[in-house]
Amino acid sequence: MKVTNFHLATTRETPADAEIASHRLMLRCGMVRKLTSGIYTWSPLGLRVLRKVEQVVREEMNRAGALEMLMPSVQPSELWEETGRWDQFGPQLLKMTDRGGRQYAFGPTHEEVITDWARQELKSYKQLPATFYQIQTKFRDEIRPRFGVMRSREFIMKDAYSFHIDNDSLQESYEIMHAAYSAIFTRLELNFRAVQADSGAIGGSQSHEFHVLADSGEDLIAFSDMSEYAANTEMAEALPGIDTAPAATETLQQHATPGCHTIEDVCKALDVGAKQTVKTLVVEAEDGLIALVLRGDHSLNELKAEKLDGVKSPLQMADEEQIKAAIGCGTGSLGPAGLPIPMIVDRSAAVLADFVCGANEKGFHSSGINWGRDVQAPRIEDIRVVVAGDPSPDGKGSLSLLRGIEVGHIFQLGSKYSEAMNAVVLGEDGKAHAMPMGCYGIGVTRIVAAAIEQNHDDRGIIWPLPMAPFQVVLLPMNMKKSLRVREAAEALYAELQDAGIDVLFDDRPLRPGVMFNDMELIGIPHRVVVGERGLDAGEIEYRARSESENVQVPLSEIVSYLKQRLGGHLCPRVRP
RNA sequence: CGGGGUGUAGCGCAGCCUGGUAGCGCAACUGCUUUGGGAGCAGUGGGUCGGGAGUUCGAAUCUCUCCACCCCGACCA
């Protein structure tokens with residue numbers, strides 16, 4: 001491709017609302033332009049990257065035995081009513097009405113459509129297992145779209161669905177998909193980790209997320225420093241480190257703590273560490289209110305809490321009036337001792353002795369509280385978020401935390417959808433069986449942003465070769481004036497194309513500095529420069545985007561040199 | 001949804017308080033010079049000042065209203 005035949009629209013200045021590197025660089029490169037909040041147009045340059053990512057995903061899905069298809073993005077409400085999700089999905093579901101008053105959703109995901117397809121197409125266990133996938137535009141009306149295509153409302157997702165006769169078969173396909181996902185992210189040359197995850201709103205049992213590691217990631221991942229254990233902090237099990245509370249050494253005392261409402265206030269007033277305090281949160285129970293008690297320095301894990309018996313799901317914090325009516329005092333002075341409502345105590349709070357908490361009287365806190373002696377032995381559960389340094393749940397090592405960008409998520413759905421929609425096949429026994437299902441998603445557009453987060457410097461993007469918009473850029477120095485340079489560059493351009501190298505030839509009549517800066521900004525992995533100087537010596541100058549030194553390569557060897565650098569990633573093509 | 005903020009040329013912004021000819025930088029276009037790291041000079045084009053209503057002789061500026069976009073928050077008592 002010659003730049004004069006392409007649409008290259010780089011900018012030196014950055015639009016004011018781009019906060020993270022990938023968003024900033026994608027705008028400066030002209031890969032995407034915002035149409036409206038959370039909705040982007042992909043330029044020819046951006047689309048080249050997107051297609052390369054898609055192609056890797058497609059090849060690995062095909063290799064794993066999945067069959068590509070294409071489902072509609074607009075889906076009738078009736079399908080969603082069958083599974084109950086028309087009302088459950090919430091405001092993220094974009095609904096619309098046609099001229100006849102019929103209601104539709106713009107698909108945020110396709111469980112309903114694929115299950116409807118499967119119940120019509122699949123009749124016998126002999127057709128199973130079967131895995132179908134598509135690469136489709138989806139829409140989720142995010143509360144707050146941000147970071148460009150990282151968290152956009154409209155996005156492209158690869159979603160695959162598998163159908164089985166039993167759970168063993170589901171487990172097999174799940175493992176195949178797990179391996180296929182690892183192959184995809186490995187091929188894309190991304191630094192990623194697979195982690196245990198919560199299956200969330202989609203439902204199901206087993207679930208793993210695939211995260212690209214980057215400081216700007218929105219998710220926190222917990223890793224063991226001694227084993228393979230890795231989990232999203234949303235679901236990582238929190239252990240207390242010790243089994244039972246130490247013996248009590250203090251007696252219960254009350255302290256006036258006027259104006260102290262936060263753990264921080266209380267720690268300051270009573271000169272104790274947050275680890276020696278507990279805090280008491282009040283949430284709605286299935287019947288009335290229930291208190292959740294945590295160590296002062298820990299945070300409630302809502303996902304864990306709302307799964308517990310007695311706690312209303314989704315989790316709903318009680319408001320000040322409800323708390324005053326039930327307990328007699330408001331927030332800021334609550335504590336487990338003498339609390340008139342049921343409570344659940346976190347494992348780590350349950351092994352404290354001589355701790356500090358609210359006295360359930362406005363302006364007072366207690367110290368020297370001990371479980372068993374001052375408060376009845378409580379119901380103990382794991383309800384907090386893990387923190388760095390916690391013991392690893394598999395008993396090997398301790399946890400450290402890293403940030404990640406979720407780019408893939410695989411679930412075992414079980415029969416939730418097939419039962420709701422009566423997707424059954426006849427088994428060997430001649431009876432109808434609801435098919436267990438698996439569901440496997442990859443955020444294709446998000447991968448592009450995530451790759452940039454992980455691969456950039458102060459000059460621009462440094463594309464991993466498999467998703468680079470072009471493999472090689474050819475820069476002629478002062479081609480307008482120098483006939484020699486022009487002829488050599490045109491000849492090399494033809495030669496590189498014939499060799500199956502995806503080359504961008506910057507044939508614009510520009511000063512070299514502009515070309516260097518543009519090409520470094522858009523991150524083409526390999527660069528060759530043709531200039532008078534080099535031609536005199538019979539050499540071409542080569543530099544990798546990821547390196548800072550030039551290499552002089554004899555003109556006669558440059559094609560084979562590049563082929564070797566590209567490591568066989570060629571794309572045979574016919575010259576126009 | 002709550003709070004805050006911003007809408008003026010393609011992008012980044014000034015002007016608004018204190019009403020009186022709509023500006024600057026970058027980008028674009030033309031010409032000349034320049035040509036190994038975002039060139040210089042000269043010139044040119046480009047605006048319903050987010051929309052509507054009002055006050056006024058006169059509104060980018062003041063008032064009302066609607067809209068869009070951005071940021072923060074939406075357990076941590």
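Numbers restart at 1 for each chain; the letters A, B, ... are given by sequence-line order, proteins then strands.
Contact annotation: side chain of A:Thr11 to base of B:rC11, donor-acceptor pair absent below 3.5 Å. Judged by distance alone, with hydrogens and angles left aside, A:Glu541 brings a side-chain donor or acceptor within reach of the base of B:rG36, the pair sitting under 3.5 Å. One N or O donor and one acceptor, one from the side chain of A:Asp518 and one from the base of B:rG38, sit under 3.5 Å apart. No hydrogens or angles were tested; on distance alone, nothing pairs the side chain of A:Arg12 with the base of B:rG10 as donor and acceptor under 3.5 Å.
Look at A:Thr10 and you won't find any side-chain N or O under 4.0 angstrom from OP1 or OP2 of B:rG38. In this model, the phosphate group of B:rA39 is approached by a side-chain N or O of A:Arg511 to a distance below 4.0 Å at OP1 or OP2. In terms of phosphate contacts, A:Lys480 brings no side-chain nitrogen or oxygen within less than 4.0 Å of OP1 or OP2 of B:rU34.
Base pairing annotation: B:rC29 forms a Watson-Crick or G-U wobble pair with B:rG43, both donor-acceptor distances under 3.5 Å. Using the Watson-Crick or G-U wobble rule with both distances under 3.5 Å, B:rC16 pairs with nothing in any strand shown. The nucleotide B:rU6 finds its pairing partner in B:rA68, both defining distances of the Watson-Crick or G-U wobble pair being shorter than 3.5 Å. Pair check for B:rG36 finds none; no Watson-Crick or G-U wobble contact set falls under 3.5 Å. Judged by Watson-Crick or G-U wobble contacts below 3.5 Å, the nucleotide B:rC1 has B:rG73 as its partner. If you check B:rU21 for Watson-Crick or wobble pairing at under 3.5 angstrom, you find it has no partner at all. Using the Watson-Crick or G-U wobble rule with both distances under 3.5 Å, B:rU56 pairs with nothing in any strand shown.
Taking the C1' atom of each, B:rU61 and B:rG20 are spaced 11 Å apart, rounded to whole Å. When the P atom is compared between B:rG5 and B:rA14, the two are found 16 Å apart, to the nearest whole Å. On the C1' atoms, B:rA60 is 15 Å away from B:rC13, given to the nearest whole Å. As rounded to the nearest Å, B:rU8 and B:rA68 have C1' atoms that lie 15 Å from one another. Using atom P as the reference point in both B:rU18 and B:rA28, the two lie 41 Å apart (nearest Å). Here, B:rG43 and B:rU35 have their C1' atoms 23 Å apart, quoted to the whole Å. Remark: the separation of the C1' atoms in B:rG15 and B:rC57 is 23 Å, to the nearest Å. Rounded to whole Å, the separation between the P atoms of B:rU30 and B:rA22 comes to 29 Å.
To the nearest angstrom, P of B:rC76 lies 16 Å from CG of A:Asp297. For A:Asp458 and B:rG37, the CG to C1' distance is 13 Å, given to the nearest whole Å. Rounded to a whole Å, the CE atom of A:Met519 is 18 Å from the P atom of B:rG36. To the nearest angstrom, P of B:rA68 lies 10 Å from CZ of A:Arg153. Taking atom CD on A:Gln316 and atom P on B:rC1, their separation rounds to 17 Å, with Å as the unit. The separation between A:Asp506 atom CG and B:rU35 atom P is 19 Å, rounded to whole Å. Atom CD1 of A:Ile540 and atom C1' of B:rG36 are 14 Å apart (whole Å). Taking atom CD on A:Glu142 and atom P on B:rC70, their separation rounds to 13 Å, with Å as the unit.
Within a 6.0 Å radius of CD in A:Glu549, no more than 12 heavy atoms belonging to other residues, nucleotides or ligands are found. By the neighbour-count criterion of 12 heavy atoms within 6.0 Å, atom CD of A:Gln322 is densely surrounded, having more than that number from other residues, nucleotides or ligands.
With salt bridges taken as basic N to acidic carboxylate O contacts below 4.0 Å, none links A:Arg379 and A:Asp309.
Counting any heavy atom pair closer than 4.0 Å across all strands shown, A:Gly332 reaches sugar-phosphate atoms only and no base atom. Within the 4.0 angstrom heavy-atom criterion, base atoms lie near A:Arg527. When heavy atoms are screened at a 4.0 angstrom cut-off, A:Glu19 is found touching the sugar-phosphate backbone but no base atom. A:Arg459 comes within 4.0 angstrom of a nucleotide base, judged by non-hydrogen atoms across all strands. Across all strands, A:Val283 comes closer than 4.0 Å to no nucleic acid atom at all (heavy-atom distances). Within 4.0 Å (heavy atoms only), A:Leu334 reaches no atom of the nucleic acid at all. At a threshold of 4.0 angstrom between heavy atoms, the contacts of A:Leu294 with the nucleic acid are absent. Heavy atoms of A:Leu315 sit nowhere under 4.0 angstrom from any nucleic acid atom. Among the atoms of the strands shown, none is found under 4.0 Å from any heavy atom of A:Arg384. Residue contacts shown for A:Ser37 are limited to sugar-phosphate atoms, with no base heavy atom under 4.0 Å away.
Note that CG of A:Leu47 and OG1 of A:Thr41 are 11.5 Å apart. Values are rounded to the nearest 0.5 Å. The CZ atom of A:Arg511 lies 12.0 Å from the NZ atom of A:Lys480; values are rounded to the nearest 0.5 Å. Atom NE2 of A:His365 sits about 5.0 Å away from atom OG1 of A:Thr257, to the nearest 0.5 Å.
Remark on RNA chain B: of its neighbouring residues A:Ala318 and A:Lys481, the 5'-side contact belongs to A:Lys481, judged by nearest-heavy-atom nucleotide. Where A:Pro145 and A:Asn517 each meet RNA chain B at their nearest nucleotide, the meeting point lying more 5' is that of A:Asn517.
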Worksheet entry | side chain to side chain contact (heavy atoms under 4.5 Å, CB included) between A:Met26 and A:Val49, worked out | CA-CA 11 Å; A:Met26 288 178 81; A:Val49 178; over 6 Å; no
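Closest approach to the A:Asn478 side chain among B:rC69, B:rU35, B:rC75 is made by B:rU35 (side chain taken as heavy atoms from C-beta onward). Among the nucleotides B:rU35, B:rG12, B:rC76, the one closest to the side chain of A:Pro512 is B:rU35. Residue A:Ile143 has its side chain nearest to B:rC1 when only B:rC1, B:rC75, B:rG36 are considered.
Side-chain contact annotation: A:Ser43 with A:His7, donor-acceptor N/O pair under 3.5 Å absent.
Of the residues A:Val472, A:Asn550, A:Leu474, A:Asp506, the one that meets the side-chain contact (heavy atoms from CB on, under 4.5 Å) test with A:Arg527 is A:Asn550.
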